[in-house]
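Here the structure comes first, spelled out in structure tokens, and everything after it is commentary.
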Amino acid sequence: MAELGASDAIIDGEAFVVDQKVCRAFPVFSGLLAAAGDVRTMLAGFDLLEINGEGLRDRPLVDRRKALVNLLRRRQTASF
């Protein structure tokens with residue numbers, strides 16, 4: 001969260017893993033559990049429901065998606 005410049009956030013999305021050995025993604029929970037070896041866990045975020053204690057659920061989806069994009073753009077400029 002510090003890298004995003006936020007104290008907290010609720011992001012709606014779906015976790016998945018990518019198996020580097022077979023270049024295959026497992027978007028379902030059973031795939032996450034079954035994955036072994038050289039895997040990388042990813043999150044596909046598609047909605048920002050809350051940021052810094054402010055609820056966004058009452059705002060239009062297009063506004064929440066713009067806020068999510070802006071939040072994640074901050075992450076891209078952060079060093080890892």
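Hydrogens, waters and symmetry mates are skipped; everything else that's a heavy atom, side chains included, is used. We number each residue from 1, following the sequence as shown.
The side-chain hydrogen bond (donor to acceptor under 3.5 Å, both in side chains) search around R65 returns none, not counting sequence neighbours.
Heavy atoms only, all atoms of each residue included: L48 and A9 are closest at CD1-CB, 4.2 Å.
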Distance-only criterion, 3.5 Å: show the donor-acceptor pairs between side-chain atoms of residues 52-60 and protein atoms not counting sequence neighbours.
{"unit_1": "N52", "atom_1": "OD1", "unit_2": "S7", "atom_2": "N", "d": "2.6"}
{"unit_1": "N52", "atom_1": "OD1", "unit_2": "S7", "atom_2": "OG", "d": "3.2"}
{"unit_1": "E54", "atom_1": "OE2", "unit_2": "R59", "atom_2": "NH2", "d": "2.3"}

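Atom CG of L61 and atom CZ of R64 lie 5.0 Å apart (nearest 0.5 Å). Interatomic distance, D47 CG to I10 CD1, rounded to the nearest 0.5 Å: 11.0 Å. Atom CD1 of I11 sits about 9.0 Å away from atom CG of L49, to the nearest 0.5 Å.
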